[in-house]
K.L.:
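Sharing a structure below in structure tokens format, with a few things to ask.
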Protein chains: 2
Amino acid sequence: MPSENHRPTQEDVAREAGVSRAVVSYVINNRSGGKVRISERTRRRVLEVVQRLGYQPNVNARSLRTRRSQLIAVMVPDLTNPFYPLMIRGIQAAVEGSDYHIVVYDSDDSAAHERAFVDMMLRRHVDGVVLVSFHLDVEDVRRLTQAGIQTVGIGGRLRAAGIDTVATRERPAAREIVRYLISRGHRRIAHLAGPQDTPPGQLRIQGYHEALEEAGLRYEEALVRYGTFKPAGVAQLIDSMFAASAPEQRPTAVFAANDLMAIEAIRALGRLGMRVPEDVAVCGFDNIPAAELVTPSLTTIGQDCQRMGRLAGETLLERLGAGARAEPRHVSVPYLLIVRESA
Amino acid sequence: MPSENHRPTQEDVAREAGVSRAVVSYVINNRSGGKVRISERTRRRVLEVVQRLGYQPNVNARSLRTRRSQLIAVMVPDLTNPFYPLMIRGIQAAVEGSDYHIVVYDSDDSAAHERAFVDMMLRRHVDGVVLVSFHLDVEDVRRLTQAGIQTVGIGGRLRAAGIDTVATRERPAAREIVRYLISRGHRRIAHLAGPQDTPPGQLRIQGYHEALEEAGLRYEEALVRYGTFKPAGVAQLIDSMFAASAPEQRPTAVFAANDLMAIEAIRALGRLGMRVPEDVAVCGFDNIPAAELVTPSLTTIGQDCQRMGRLAGETLLERLGAGARAEPRHVSVPYLLIVRESA
DNA sequence: TTGTATGCGTTATCAA
DNA sequence: TTGATAACGCATACAA
């Protein structure tokens with residue numbers, strides 16, 4: 001059984017210091033200003049007892065009373081995708097120095113988990129939320145905002161929910177990288193798409209589509225395969241794309257919907273005896289740290305996820321602070337075509 | 001200003017359903033069993049109102065009352081090191097299905113942050129903690145355990161604190177990989193060490209030391225450089241090791257204290273015009289996902305971090321459940337020498 | 001089967 | 001300057 005030793009409360013501190021509970025509260029919250037004055041002597045005595053007893057305020061009780069939890073929750077779809085830890089770093093950097101604390105929640109890209117997350121945030125009475133969501137809808141977000149929880153979305157998906165968003169313009173970015181492939185002479189360009197029920201998956205395939213159209217190339221279903229944004233399963237998709245079709249029908253370039261898939265594609269191609277970029281060019285999306293480590297290093301679209309995180313954090317803090325209820329703001333973070341060896 | 005709309009409480013539900021607050025509480029917590037019986041009709045009416053109002057229990061109030069928060073906190077030193085997200089996945093897997101929720105805290109490998117984390121856990125009254133700590137001491141841990149917070153350490157460092165631990169036996173592992181280098185004929189083996197105020201840093205250099213000794217090789221200060229477990233700065237260390245010394249004095253192999261450093265070392269060596277593994281063999285430690293993606297792929301020690309996480313989570317749940325206060329248990333997870341191309 | 005009353009640790013109001 | 005005291009939302013022993 002947990003020893004569950006009695007933890008000191010303000011009551012204990014007050015008794016020990018020979019003052020009332022209120023005084024302890026004042027001292028701890030530095031309320032000795034406007035209406036209330038605490039003598040320096042009293043203040044020091046209280047702090048000394050706090051120290052000696054190892055008193056720590058109970059934030060549950062506090063936030064019950066104050067209706068603020070000083071908590072910011074961050075939901076991401078996949079912590080093992082290096083993209084998101086970097087984003088979290090950005091948020092942390094923004095929040096550092098404020099009174100807010102961050103808790104991270106990994107939804108494992110599951111709709112059920114995402115919805116459970118909303119409930120949890122409601123129950124925990126967090127003050128603010130940063131959402132990287134693929135499954136929540138406007139109604140889910142309304143539940144948060146209606147409860148007075150400030151919400152910022154990363155990715156444009158939730159713009160319709162009337163919240164602030166920070167996003168990369170993924171469609172133009174996808175278009176640009178496919179354009180680049182075309183400019184290198186590729187005509188049969190395959191797309192290793194992401195899940196089509198997620199906006200990143202949709203936007204990237206749309207960009208792919210647009211670039212082809214611009215160049216007067218035909219969009220062929222046979223050149224598109226649908227994956228999960230994760231390495232698992234990519235090998236089969238590549239196999240089905242290359243092993244099954246006649247050599248002259250094969251794509252000369254593959255645009256993968258993210259780096260994780262692109263890297264796995266390069267490996268799969270290698271196993272099929274194809275060289276990258278000589279036989280097939282490959283490019284990805286995101287620019288995760290591994291992108292420059294692999295061989296051949298990966299041509300990709302750089303999203304500045306750390307900056308996106310920082311912007312999201314800053315936006316949230318603004319809302320939480322002054323809280324001037326202005327129009328929702330949608331900021332888009334520049335992307336960058338990063339040409340390396342793979343294409 | 002946050003619209004801060006009134007959120008429904010049990011009071012509201014009770015009024016709406018025409019019952020007392022207690023009944024609502026009973027229904028919500030499924031207390032209709034032993035001493036208390038709630039009619040099915042009442043139950044349904046209450047649940048209907050809960051649904052309609054979108055009532056969510058306030059966990060702060062609840063845990064104030066029950067003295068349980070159903071919260072497990074996980075502290076890791078660096079979320080951007082892929083090692084830790086995997087570990088977290090393991091913990092999540094263990095906790096999935098229980099009533100506990102996980103919050104993740106990234107200490108950025110700072111002693112101050114780690115200590116702040118302890119305070120935070122105390123204040124938030126979390127029920128359990130999984131600690132991957134490089135800086136906390138026995139006294140810090142005692143503050144947690146004395147407050148009745150169940151604590152599990154990952155890594156052997158906190159064994160002395162009398163808590164359960166899950167660890168890889170890093171010293172033998174380091175010894176083994178250096179032995180392997182020796183078995184491949186290397187005699188001048190350099191070590192790109194981790195910070196010496198952290199146990200992983202210490203244990204890995206000790207293993208290195210032991211392997212040399214075993215083989216009758218001299219330990220030379222000139223062959224050791226101290227880094228931070230991060231890529232930054234590694235290039236200079238490699239430069240100083242290779243550029244500065246006469247060719248015949250140069251190491252023929254480098255054992256890096258972790259994969260992140262090893263990968264950066266390979267890149268730095270490449271810039272110096274040295275080939276890996278022909279001119280210099282390189283090996284790492286951890287087996288992060290990128291280890292098999294880089295070229296040459298990385299020879300390293302595989303730590304099963306996901307399993308470590310799962311074990312830590314399971315251990316914690318056991319303690320939280322029955323809470324049978326047995327002796328602290330120390331389990332060590334097998335490691336694996338993974339030979340790839342780099343050495 | 002349901003309702004009343006109490007206290008969890010805080011903060012905030014109001015007197016003293 | 002300080003001290004009672006009333007909420008905050010909930011769970012539960014006990015009474016009805």
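Labels below follow one simple rule: chain letters A, B, ... track the order of the sequence lines, proteins then strands, and each chain is numbered from 1.
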K.L.:
With sequence neighbours left out, what residues match R15(B) under salt bridge (Lys or Arg N to Asp or Glu O under 4.0 Å)?
P.N.:
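R15(B) satisfies salt bridge (Lys or Arg N to Asp or Glu O under 4.0 Å) with D12(B) once adjacent residues are dropped.
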K.L.:
Please, which pairs that meet salt bridge (Lys or Arg N to Asp or Glu O under 4.0 Å) have at least one residue in residues 95-104 of chain B, sequence neighbours excluded?
P.N.:
none
K.L.:
Test of understanding: with side chain to side chain donor-acceptor pair (under 3.5 Å), list the residues that count as partners of S63(A), not counting sequence neighbours.
P.N.:
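Listed in chain order: N60(B).
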K.L.:
Specify the separation, in whole Å, of atom CZ of R45(B) and atom P of dT1(C).
P.N.:
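So the two atoms are 14 Å apart, to the nearest Å.
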K.L.:
Which angle, to the nearest 10 degrees, lies between the helix axes at the two ends of the helix from dT1(C)-dA16(D) to dA16(C)-dT1(D), each defined by five pairs?
P.N.:
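Rounded to the nearest 10 degrees, the bend comes out at 40°.
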K.L.:
Return the set of residues passing ring-ring contact (aromatic ring centres under 6.0 Å, His included) with F83(B) (not counting sequence neighbours), or none when no residue passes.
P.N.:
none
K.L.:
Ignoring backbone atoms, test whether S63(A) places a side-chain nitrogen or oxygen under 4.0 Å from the OP1 or OP2 oxygen of dT10(C).
P.N.:
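So the side chain of S63(A) is outside the cut-off, no N or O lying under 4.0 Å from OP1 or OP2 of dT10(C).
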K.L.:
Look at D127(B) together with R319(B) and state whether they make a salt bridge at an N to O cut-off of under 4.0 Å.
P.N.:
no
K.L.:
Taking only residues two or more places apart in sequence, or in another chain, which ones meet F117(B) in a ring-ring contact (aromatic ring centres under 6.0 Å, His included)?
P.N.:
Y105(B)
K.L.:
How would you list all residue pairs meeting salt bridge (Lys or Arg N to Asp or Glu O under 4.0 Å) that involve residues 136-156 of chain A, not counting sequence neighbours?
P.N.:
R115(A)-D140(A), D119(A)-R143(A), E139(A)-R142(A)
K.L.:
Would you give a per-nucleotide map of nucleotides 6-13 of chain D, 5' to 3', where B means the base has a protein non-hydrogen atom under 4.0 Å away, S means only the sugar-phosphate does, and - means neither?
P.N.:
BBBBBBBB
K.L.:
Once salt bridge (Lys or Arg N to Asp or Glu O under 4.0 Å) is applied, do any residues pair with R310(A), and if so which ones, sequence neighbours excluded?
P.N.:
E314(A)
